[in-house]
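What follows is a single structure, written as structure tokens, with notes after it.
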Amino acid sequence: MKKIFTLCMSLLMGCVVTSAQSVTDVDGVFQFTDPDGNVYADGSHLIYNKVESTPMSSVIHSDLWVRNVSESEAGQVVVTSTVTSLEGNGQFQICWPTSCVSLTAPGSLEGVAGGPVGYAANLQTEYVIYGTEGSCEVTYSITRRMTDGTSYPGSTITVLYTTDPNASGISGVTVEGSNEIVARYTLDGQKIDEPQKGINIVKYADGRTEKVLVK
């Protein structure tokens, strides 16, 4: 009986450790945010369909930011932008961290910048359309790169730029998924009932998790 009890406890502890690891497997130092600093959770799907006309083309801006939401130095932030589809006559463009680069067909672009405490930068990404209709889907991924060469994968979000004002019945930009919080954890995986000062791991009803800085 004692052996059976010990085995059960070992299995239970293994489940607890696995659960703790599952909510900490996404590095939360750098995050994608809106201009006000609100974090887009890992796995979010955003839609941008506000078209602005220019003399030569039309443009859809994303207004995406990348921020160091931690309270410590964090090495470099790497943002990879992967265009998975591009329909119509147009191009995807990103002007971060310095010069502007663009893609006219599916492919990837990578930018690297320092990310000290308080770092915040507008990615200045946009979809330029040379016509009346078009769409472009882009996956953005964050990687934290340290001076010793180690890297930590961060959050990934997907953005659909489209001239369709009724895309998925949503206008403007939105974060899909349920925002109901079902659990909170500390960085070491301990479940807590209330927010605690520092980095909290928040789990939502739709299965998403994100790291939130509580000051």
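We number each residue from 1, following the sequence as shown. Every heavy atom of this structure was used, including side-chain atoms; hydrogens, water molecules and symmetry mates were not.
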Quick one: side chain to side chain donor-acceptor pair (under 3.5 Å) partners of Asn122, sequence neighbours excluded?
none

I'd like to know if the side chain of Glu137 pairs up with that of Thr84 as donor and acceptor (distance under 3.5 Å, no hydrogens or angles considered).
yes

Would Arg144 and Tyr152 count as a cation-pi pair here, with the cationic atom under 6.0 angstrom from the ring centre and within 45° of the axis?
yes

Supply the atom-to-atom distance Glu87 CD to Thr162 OG1, rounded to the nearest 0.5 angstrom.
8.5 Å

Do Val66 and Leu123 make a side-chain contact, defined as non-hydrogen atoms from C-beta onward lying under 4.5 Å apart?
yes

Count the heavy atoms of every other residue, nucleotide or ligand shown that sit under 6.0 Å from CD of Glu52, and state whether that count exceeds 12.
yes

Looking at side-chain heavy atoms only, is the closest gap between Val138 and Ile94 below 4.5 Å?
no

Partners of Thr125 by side chain to side chain donor-acceptor pair (under 3.5 Å), sequence neighbours excluded?
Ser62, Tyr140, Tyr161

Heavy atoms of Val29 and Ser70 approach each other most closely as CG1-OG, 3.5 Å

I need the Glu126 CD to Leu64 CG distance, nearest 0.5 Å.
12.5 Å

Identify each donor-acceptor pair in which a side-chain atom of residues 108-120 lies under 3.5 Å from a protein atom, sequence neighbours left out, and give them as a table.
{"residue": "Ser108", "atom": "OG", "partner": "Thr82", "partner atom": "OG1", "Å": "2.9"}
{"residue": "Tyr119", "atom": "OH", "partner": "Trp96", "partner atom": "NE1", "Å": "2.9"}

With sequence neighbours excluded, tell me which residues meet side chain to side chain donor-acceptor pair (under 3.5 Å) with Ser57.
Thr54

For the CD atom of Gln31 and the CG atom of Asp42, what is their distance to the nearest 0.5 Å?
8.0 Å

Using the disulfide (SG to SG under 2.5 Å) rule, collect all pairs that involve residues 77-114, keeping only residues at least two apart or in two chains.
Cys95-Cys100

Qualifying residues under side chain to side chain donor-acceptor pair (under 3.5 Å), relative to Gln91, sequence neighbours excluded:
none

